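This is a predicted model, so every value here is computed, not measured. Lettering of chains follows the sequences in order, A, B, ..., and the numbering in each one begins at 1.
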Protein chains: 2
Amino acid sequence: MSGTNTDVPAVLAYELPNPVPTAELEICPVGGIFRRVGDRWSLILIALLGRRPYRYNELHRAIEGISQRMLTRTLRGLEIDGLVHREVFPTVPPSVEYRLTPLGSSLLGPVSALAEWAVRHEPDMAAARLRNGSVE
Amino acid sequence: MSGTNTDVPAVLAYELPNPVPTAELEICPVGGIFRRVGDRWSLILIALLGRRPYRYNELHRAIEGISQRMLTRTLRGLEIDGLVHREVFPTVPPSVEYRLTPLGSSLLGPVSALAEWAVRHEPDMAAARLRNGSVE
DNA sequence: CCGTATCCTTGACGATACTG
DNA sequence: CAGTATCGTCAAGGATACGG
């Protein structure tokens, strides 16, 4: 689905008048979303929670590379930005469930588009890195 | 173009088997592309070069917030990954032109999709931040 | 079970100065 | 014009230990 694109930008063309006043770029929220989701764990969490709700330790076990500190911090960040919902069940012992909000779910589409690009073109980038002697 | 999406993931669903062996996530190149392009300047440069080729100081003036150091480093990074092509013209004084490679151009589509999402939903995120008392 | 608190390392980034 | 070199700062992230 979705033809590959060597085609026109779209929003980008609109966002960037020619002399590029810089302020335009600062204001442009594209950078913002990349910063929010471009860290080490946010995307992984969003992808996971895109499948079903998870409890805290369930996430901790599932990802396993992540520290408790970063799991908590990343979840809080996503919660603050309204991408993830946190619900506490006052059971004994307590359990906390995390799920995507509708806003968070709406991110899955665009992210998937980028994911498809990455899956398709990552070999090209790897080849380029070899050609240009990054880690030879 | 492209209806909004609260719809299904796609690649993400494929990328993530349920117990999530972590290795799957490490290997998944989605994180990689976000890391490469999620820094402060890469996206801006890609967006700029998506419009036309630029010379070094032209970029430096156009973006203006950027230091020479970071401009050079970011361009080198993008060049190493095959997203940007650097061509030197042995004139006096020397001039160097940067342009997107076809690979780099192919990124504009997916990035634009995410840009559209950001433009549309950034207000929702800002509202959420206020609700959740991030910078109140 | 679900976190917080503390310490430490690393790398991103900016500022400034200098060069072919 | 098109960079490199050096230094300093700051936030992301990991490790470990502790608490409700």
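- Side-chain N/O atoms of R86(B) include one lying less than 4.0 angstrom from OP1 or OP2 on dG3(D).
- Taking the charged nitrogens against the carboxylate oxygens, R55(A) and E87(A) have no contact shorter than 4.0 Å, which rules out a salt bridge.
- Between E122(B) and R129(B), at least one side-chain N (NZ, or NE/NH1/NH2) sits under 4.0 Å from a carboxylate O, which counts as a salt bridge.
- Across all strands, T72(A) comes closer than 4.0 Å to base atoms (heavy-atom distances).
- Counting only Watson-Crick or G-U wobble pairs whose defining distances are both under 3.5 Å, the stems of 3 or more consecutive pairs in DNA chain D are C:3-20 with D:1-18.
- At least one side-chain heavy atom of W117(A) sits less than 4.5 Å from a side-chain heavy atom of S106(B).
- Across the protein-nucleic acid pair, D39(B) atom CG and dA12(D) atom P stand 15 Å apart, rounded to whole Å.
- Going from atom CZ of F34(B) over to atom C1' of dA12(C) covers 19 Å, rounded to whole Å.
- Atom CZ of R73(A) and atom C1' of dG13(D) are 8 Å apart (whole Å).
- Rounded to a whole Å, the CG atom of L75(A) is 16 Å from the P atom of dC1(C).
- In terms of position on DNA chain C, the residue among R35(A) and Y56(A) whose nearest nucleotide sits closer to the 5' end is Y56(A).
- Judged by distance alone, the side chains of T72(A) and Y56(A) do bring a donor and an acceptor atom under 3.5 Å apart.
- Side-chain proximity of Y98(B) to the nucleotides dG3(C), dG3(D), dG13(D) is greatest for dG3(D).
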Along nucleotides 14-20 of chain C, 5' to 3', which nucleotides get a B, which get an S, and which get a -, given that the test is a protein heavy-atom distance under 4.0 Å? BB-B--B
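- Both N57(A) and T74(B) sit near DNA chain C, but only N57(A) has its closest nucleotide nearer the 5' end.
- Here the C1' atom of nucleotide dC1(D) and the CG atom of L59(B) are 13 Å apart, to the nearest Å.
- Side-chain contact between L83(A) and L49(A) is absent, with no heavy-atom pair separated by less than 4.5 Å.
- When the P atom of dA12(C) is taken as reference, atom CG of L71(B) falls 16 Å away, rounded to whole Å.
- Scanning all heavy atoms of the two residues, the minimum distance from G50(B) to L108(B) falls at CA-CD1, 4.0 Å.
- The nearest whole Å value for the distance from the CZ atom in R36(A) to the P atom in dA11(D) is 15 Å.
- Judged by distance alone, the side chain of T74(B) and the main-chain N or O of S42(B) form no donor-acceptor pair under 3.5 Å.
- Heavy atoms of F89(B) sit nowhere under 4.0 angstrom from any nucleic acid atom.
- Remark: side-chain polar atoms of S67(A) are paired, donor with acceptor, to backbone N or O of M70(A) under 3.5 angstrom.
- Cation-pi geometry between R36(A) and F34(A) is not met at under 6.0 angstrom from the ring centre and within 45 degrees of the axis.
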